[in-house]
**Q** 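Below: one structure in structure tokens.
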Amino acid sequence: MPNEFASYSAVELCRLIESGNASSLDVVSSFLGEIESSNDDVNAMISVSENCLETAKAIDNKRSRGQSIGPLCGIPIAVKDGICTKGLRTTAGSKMLETFVPPYNATSVDRLELAGGIVLGKSNLDEFAMGGSTERSYFKPTLNPWSKDHVPGGSSGGSAACVAGTMAPLAIGSDTGGSIRQPASFCGITGLKPTYGRVSRYGLIAFASSLDQIGPMAWTAEDCALLLSAVAGYDPRDSTSANVATENYLDRIEDPISGLKLGVCTEHFGDGLDSEVEKAIREAIDVFADLGADVKTVSLPHSASAVATYYIVAPCEASSNLARYDGVRYTTRAVADSLEQMYSKTRAECFGTEVQNRIMLGTYALSSGYYDAYYLKASKVRRLIKNDFDAAFEEVDLIVGPTTPTPAFELGSNLSDPISMYLADIFTVSANLAGIPAISIPCGFSKSGLPIGLQLQGRPFAESTLLSAGHQFQKQTDFHQQRPSS
Ligand code: GLN
């Protein structure tokens with residue numbers, strides 16, 4: 001039976017549940033039904049929670065007793081499988097953690113449950129979040145619900161495909177260089193990477209700690225605001241979490257666009273930008289202009305160095321973070337004759353090739369003799385990229401451009417060409433290097449029916465502005481209301 005709630009946004013589902021026109025149990029059951037009928041095909045979920053129906057019943061009972069059920073009202077949520085869930089297997093898409101069951105929840109998971117959200121299951125990802133297509137998962141690739149010959153993007157491709165495939169109305173992803181926004185763009189949904197430090201990283205399996213950030217994925221900006229409000233905020237268990245007051249991001253969702261200064265970045269419209277993507281972005285900019293935005297041109301002169309900088313900084317941090325997988329702790333351990341052999345066999349057998357490549361690259365770039373030439377230099381360029389944004393945000397409130405240079409690519413097409421794969425991140429990595437928030441919103445379709453995404457980047461902690469601008473755009477357009485035909 002098709003999912004009867006497929007066309008609803010999470011905010012609408014909340015209203016249905018709060019008003020008693022649907023129960024949390026109805027909603028959770030429908031999405032579970034969709035997982036049963038579609039997941040074998042799309043492979044978006046690695047594990048499904050065993051107690052989500054019980055939790056839904058408990059929430060319905062609370063509501064019938066007149067108790068508060070929280071802002072997430074018993075709505076099911078897909079959680080990226082690189083985020084720890086107590087008692088529910090968390091693999092990071094790796095053989096290394098194939099049977100790892102965390103003894104604790106990530107803070108973001110605790111918070112979404114506290115707000116009345118229900119963890120529906122754990123969504124697929126590139127191993128340790130390293131990749132842009134979800135083809136690098138030990139648990140097999142996820143397919144794009146809009147076209148099963150195409151990738152859903154990555155690394156949060158499972159989360160994006162869960163939403164796009166109507167297997168979950170909301171999802172949580174993580175973004176180190178674009179892993180929320182790029183799959184959101186490829187799957188025709190909305191995804192927000194918050195400011196570095198806005199959402200606690202406690203319980204997020206670390207890839208590159210100075211870049212990683214957890215954020216919401218959903219059909220609409222309004223739904224992202226709902227989910228972000230639940231998970232954002234200071235956490236003493238994450239020393240990099242920002243002690244900055246959080247807000248209810250729905251409060252300012254209706255803020256108008258008129259008067260906002262929107263910067264169009266010249267560097268985003270050069271060689272390599274697909275013509276259909278360019279057309280959709282230019283049309284979207286016209287929508288913002290019609291809504292009263294003051295459109296200006298800005299420059300981010302160091303953009304061309306962003307991918308190279310990211311692919312030094314991220315592997316360096318990864319090589320350090322992944323040192324903990326030694327076969328002694330966590331799960332998988334290779335059989336060997338000596339301790340040293342056990343370490344190396346475990347790491348050789350249980351990490352995939354992309355993860356091994358990055359560990360080697362990072363170790364090399366951090367080694368004495370090369371540190372100054374690579375890591376230190378990349379850190380300096382990172383600062384220049386941040387300075388470019390600071391200067392641009394003196395002139396404008398938001399920077400608008402494409403999320404990715406092309407729509408989703410075909411499965412397998414970039415697997416043997418890491419440079420092409422890495423270039424899919426060309427517009428997204430800068431926000432992570434600078435620590436600023438950025439959102440991807442659907443803004444069109446290619447002639448072959450693949451979604452196209454628009455990126456808005458904002459000042460630190462300007463999530464409200466990004467979300468309200470996205471919401472106002474979505475009130476004028478219907479790209480976020482399209483659903484793939486199954
Ligand atoms: N595609 C990028 C990479 O492979 C970004 C990944 C991410 O944001 N987790 O590193």
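Each ligand, and each atom within it, is numbered from 1 in the order the structure gives.
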**Q** Parallel, tilted or perpendicular: which one describes the rings of Tyr104 and Tyr202, with boundaries at 30° and 60°?
**A**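 It falls in the tilted class, 30° to 60°.
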
**Q** Would you mind checking if Lys193 and Asp175 are paired as a salt bridge, meaning a charged N to carboxylate O distance below 4.0 Å?
**A** no

**Q** Take the angle between the ring planes of Tyr364 and Tyr374 and call it parallel below 30°, perpendicular above 60°, tilted in between.
**A** tilted

**Q** Nearest protein heavy atom to atom 2 (C) of ligand 1, by residue and atom, and its distance?
**A** Asp425 OD2, 3.1 Å

**Q** For ligand 1, which atoms, with element, lie under 4.0 Å from some heavy atom of Phe207?
**A** 9 (N), 10 (O)

**Q** If the cut-off is 4.0 Å to any non-hydrogen atom of Met130, which atoms of ligand 1 fall inside it?
**A** 4 (O)

**Q** How about Arg383: does its CZ atom have over 12 heavy atoms from other parts shown lying under 6.0 Å from it?
**A** no

**Q** Using a 4.0 Å cutoff against the non-hydrogen atoms of Tyr311, which atoms of ligand 1 qualify?
**A** 1 (N), 2 (C), 3 (C), 4 (O), 10 (O)

**Q** List the residues meeting salt bridge (charged side-chain N to carboxylate O under 4.0 Å, His left out) with Glu410, not counting sequence neighbours, and say none if there are none.
**A**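 So Glu410 forms no salt bridge (charged side-chain N to carboxylate O under 4.0 Å, His left out) with any residue.
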
**Q** If you have a sec, work out which protein heavy atom is nearest atom 10 (O) of ligand 1 and how many Å separate them, to one decimal?
**A**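 For atom 10 (O) of ligand 1, the nearest protein heavy atom is Tyr310 OH, 2.6 Å.
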
**Q** I'd like to check whether Gly131 has a polar contact with ligand 1, where a contact means an N/O of the residue lying under 3.5 Å from an N/O of the ligand.
**A**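 Right, the criterion is met.
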
**Q** Could you list which atoms of ligand 1 come closer than 4.0 Å to a heavy atom of Ala129?
**A**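 Counting atoms of ligand 1 from 1, those under 4.0 Å from Ala129 are 6 (C), 7 (C), 9 (N).
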
**Q** Applying salt bridge (charged side-chain N to carboxylate O under 4.0 Å, His left out), can you list everything that pairs with Arg347, at least two apart in sequence or on another chain?
**A**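 Applying salt bridge (charged side-chain N to carboxylate O under 4.0 Å, His left out) to Arg347 gives none.
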
**Q** Arg358 to ligand 1: N or O pair under 3.5 Å?
**A**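 Yes: some nitrogen or oxygen of Arg358 is under 3.5 Å from one in ligand 1.
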
**Q** I want to confirm something. Looking only at heavy atoms, which of Ser156, Ser179, Gly132 is nearest to atom 8 (O) of ligand 1?
**A**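 Comparing heavy atoms across Ser156, Ser179, Gly132, the nearest one to atom 8 (O) of ligand 1 lies in Ser179.
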
